[in-house]
Number of protein chains: 2
Amino acid sequence: MNPATRREKLFDMSPRRSDPGIRTGLVDVAARLLSEHGPRALSARRVAAEAGSSTMALYTHFGGMSGLVREMVREGFVRLEQHLSAVGATDDPVADMALLGRAYRRNALANSHLYAVMFGGSSLAGFSLGEEDRQAGRYTLLHAVECASRCSAAGRFSAIIPELTASQMWIAVHGLVTLELGGYLIDPLDADRCFEAQLVGLMIGAGDEPEAATRSVAASGQRLEHVCRAE
Amino acid sequence: MNPATRREKLFDMSPRRSDPGIRTGLVDVAARLLSEHGPRALSARRVAAEAGSSTMALYTHFGGMSGLVREMVREGFVRLEQHLSAVGATDDPVADMALLGRAYRRNALANSHLYAVMFGGSSLAGFSLGEEDRQAGRYTLLHAVECASRCSAAGRFSAIIPELTASQMWIAVHGLVTLELGGYLIDPLDADRCFEAQLVGLMIGAGDEPEAATRSVAASGQRLEHVCRAE
DNA sequence: CCCGTTCGCATAACGATGTCATGAATCCGG
DNA sequence: CCGGATTCATGACATCGTTATGCGAACGGG
């Protein structure tokens, strides 16, 4: 029987009310360790100890260290999805697109170590991305694809293939975030400055008028606070 | 006394003709292991064994596993520098810029695991980038800065700050390469297709005319083979 | 209500890892 | 030619991921 379904049954019947589930506890502790102390602190013994269990629980639930990382990655994808879904659709689709980029970057910076595992190719505890994980990552592109379609429909983008335009947005924002996390973007050309320029350049490259692009990107900057407060 | 200078002296006097230097041997073996078998295969004992020495030599020369990784990173930077230097200056600066991007990607794909450590934030064997390493990485930007200046001087780019334009090129190409290495860019929008579109979009975003940008990028694709053969 | 079965998890061990103390062998300056 | 310095092999230590073993609690049929 699959451990997951086993756990499902256990959760439904909830044998111990005081126990919020060792499985979720392990994932939470692991995420906290990774976020606060970096990848080196993510050891099976330490995770188990801080979660108040032994290392064996980690193996019955996740089959090993890489399984636990996979679970964190899954949760990272749903969190990214939530951040992107918080960006709605207004009458300025280019501003919406820029706001998608801002939300993406915001999520990446908030969970930097996890982001490096999800998209940066950082091999953590022997874990490597499976095809389903990658598919979950590509799924986040759909927000940008839909937005690119609206930009084209509104006559702002001249690009014909919204998937390609969305990919370019993704690639550029991902590149900025990873270089920023690597500490490469500093003082004269810091990450904030590069990001603003990147957004405007992307919109122009997709076919928008320079003045309109600048205005929409600036407007999305204003609207950012609003979305953040809504979280 | 610094091990590096120690080794320098030893190399100059070459005490044993048959020994090509244990230090460089260790780096070569490590680079080969990393490139052929991935980060998990990079263990101190294995590197030492395949280099025909014991693990202690690794500590006298590099102070530990992270020191060896740092040495590989340094060599990775000079190799990248060589790839970028091979791109000369022609009368079409936009094509030169596109060719710089192609050379950058070429080098990254040829040494994918090393690239992930240099720019992707992949924490390998407890190594983390020092500020001098990052400075070496930023140094590679100078090629693109000089090229962006030429693009502006030729009236192709309208951007005022060549450093900012060059950064955008770097960010975008880096983003594409990391997503490509992560396996995220597949069939309908594979890495090649995205890369070509990215190059054109970047030039347009920097201010070039769409038709001229398309022509220059295509021309750089033709010229790529020539540069590769020159290596 | 009770006992056999099953399941979750703790204990302890194994191989492999990075690192370092020790000591032998070698090199170099005087 | 010698003595301090240096390189490197041996072996040990703590810790890592992983797993075999076993105990106690929860479940289900009688």
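Each chain gets a letter, A, B and so on, in the order its sequence line appears, and its residues count up from 1.
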Who pairs with B:Ala49 by side chain to side chain contact (heavy atoms under 4.5 Å, CB included), at least two apart in sequence or on another chain? none

Looking only at the side chain of B:His61 (C-beta and beyond, no hydrogens), which of the listed nucleotides C:dC20, D:dT18, D:dC8 gets closest? D:dC8

Rounding to a whole Å, what distance do you find between A:Phe62:CZ and D:dT19:C1'? 18 Å

Tell me whether the side-chain N/O atoms of B:Thr60 come closer than 4.0 Å to OP1 or OP2 in D:dC8. yes

Among C:dA12, D:dC8, C:dA10, which nucleotide sits nearest the side chain of B:Met56? D:dC8

When the nearest nucleotide of DNA chain D is assigned to A:Ser66 and to B:Ser54 on a heavy-atom basis, which residue is associated with the more 5' position? B:Ser54

Expressed as a whole number of angstroms, how long is the span from A:Leu58:CG to D:dC16:P? 13 Å

Regarding the side chain of B:Tyr59, the nearest nucleotide among D:dA9, C:dA10, C:dT19 is C:dT19

Rounded to the nearest Å, what distance is computed from the CD1 atom of residue B:Ile22 to the P atom of nucleotide C:dC27? 12 Å

Pairing residues for B:Arg193 by the salt bridge (charged side-chain N to carboxylate O under 4.0 Å, His left out) criterion, not counting sequence neighbours: B:Asp190

Can you list everything that forms a side chain to side chain contact (heavy atoms under 4.5 Å, CB included) with A:Ser85? Sequence neighbours excluded, please. A:Glu81, A:His143

Listed by chain and number, what are the side chain to side chain contact (heavy atoms under 4.5 Å, CB included) partners of B:Val145, not counting sequence neighbours? B:Pro162, B:Glu163, B:Ala166

Quick check with a 6.0 Å cut-off and a 45 degree axis cone: is B:Arg105 positioned over the face of B:Phe195's six-membered ring? yes

Nearest to the side chain of A:Met65 - D:dT18, C:dT19, D:dC8? D:dT18

What nucleic acid atoms does A:Gly64 come within less than 4.0 Å of, heavy atoms only: base, sugar-phosphate, or nothing? sugar-phosphate

Strand-adjacent residues in residues 28-49 of chain A, judged by heavy atoms under 4.0 Å from DNA chain C: A:Arg45

Holding to side chain to side chain contact (heavy atoms under 4.5 Å, CB included), I want the full list of residues that pass it with B:Glu132, two or more places apart in sequence or in another chain. B:Arg74

